[in-house]
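Reading through the structure tokens given below for one structure.
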Amino acid sequence: MKTEPDTFSLADLEKRAGGIEPWNGVRNYQARNFIRAMRVGDRVLFYHSSCEIPGVAGLAEVASAPRADETQFDPKSDFYDAGAKRADPRWTLVDVHFVAAFPKFVPLTTLREQAGLKKMRLLAPGNRLSVLPVTPEEYQLICQLGGTKKK
DNA sequence: GCCAACGTTGGC
DNA sequence: GCCAACGTTGGC
């Protein structure tokens with residue numbers, strides 16, 4: 001899951017009550033569908049984008065079932081969607097729970113050097129999705145690069 | 001700040 | 001349903 005650290009970083013997540021934040025504001029159908037496939041306990045790589053050194057900052061996990069993103073119904077929200085209906089919500093979120101900051105930040109440049117990550121969705125040209133699937137192998141390799149024992 | 005990539009919108 | 005225009009993302 002991607003976030004701009006200037007807006008909301010892994011350190012910000014850790015400081016939240018219980019280390020939990022509802023991941024609102026996703027407004028792309030493909031990304032939404034990935035969220036809808038999430039289950040409690042799913043592991044998350046926490047990626048910092050649009051910053052000085054983009055890369056994976058650490059680990060989080062899914063802490064709720066997918067549910068309606070309330071900001072779609074709030075006219076005052078930046079994420080308001082006039083076309084979204086209560087009876088059939090258009091946009092979905094999960095709660096994200098802090099797990100750990102990597103002892104070693106894993107920059108995007110390092111990810112690109114890995115033979116084992118050639119097919120990773122995050123590294124595909126023109127990728128713009130804020131939520132992307134990761135294979136267990138990719139997850140494990142990136143944990144090793146980050147200096148965290150695999151879980 | 002630039003630009004490539006891609007999603008969305010809206011005219012037809 | 002096509003496609004040009006436009007907006008956004010995000011690395012560099």
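Note that this is a predicted model, so its numbers are computed, not measured.
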Quiz item: Going by the salt bridge (Lys or Arg N to Asp or Glu O under 4.0 Å) test, which pairs reach into residues 28-42 of chain A, not counting sequence neighbours?
Solution: none
Self-check item: Rounded distance (Å) that lies between atom C1' of B/dA4 and atom CG of A/L123
Solution: 17 Å
Restricting to nitrogen or oxygen on both sides, can you table the protein-nucleotides 8-12 of chain C pairs closer than 3.5 Å?
{"residue": "C/dT8", "atom": "O2", "partner": "A/R128", "partner atom": "NH1", "Å": "3.2"}
{"residue": "C/dG10", "atom": "OP1", "partner": "A/K2", "partner atom": "NZ", "Å": "2.6"}
{"residue": "C/dG10", "atom": "OP1", "partner": "A/R128", "partner atom": "O", "Å": "3.3"}
{"residue": "C/dG11", "atom": "OP1", "partner": "A/Y47", "partner atom": "OH", "Å": "2.8"}
{"residue": "C/dG11", "atom": "OP2", "partner": "A/S50", "partner atom": "N", "Å": "2.9"}

Quiz item: Linking Ile, Leu, Val, Met, Phe, Trp and Tyr by side-chain heavy atoms under 4.5 Å, what else ends up with A/W91?
Solution: A/Y29
Quiz item: Any side chain to side chain donor-acceptor pair (under 3.5 Å) pairs touching residues 50-70 of chain A, not counting sequence neighbours?
Solution: A/R27-A/D69, A/E61-A/H97, A/R67-A/D95, A/D69-A/T71, A/E70-A/R86
Exercise. Not counting sequence neighbours, which residues clear salt bridge (Lys or Arg N to Asp or Glu O under 4.0 Å) with A/R90? List them please.
Key: A/D81
Self-check item: side-chain contact (heavy atoms from CB on, under 4.5 Å) involving A/F8 - partner list, sequence neighbours excluded
Solution: A/T3, A/D12, A/L13, A/R16, A/E21, A/W23, A/F46
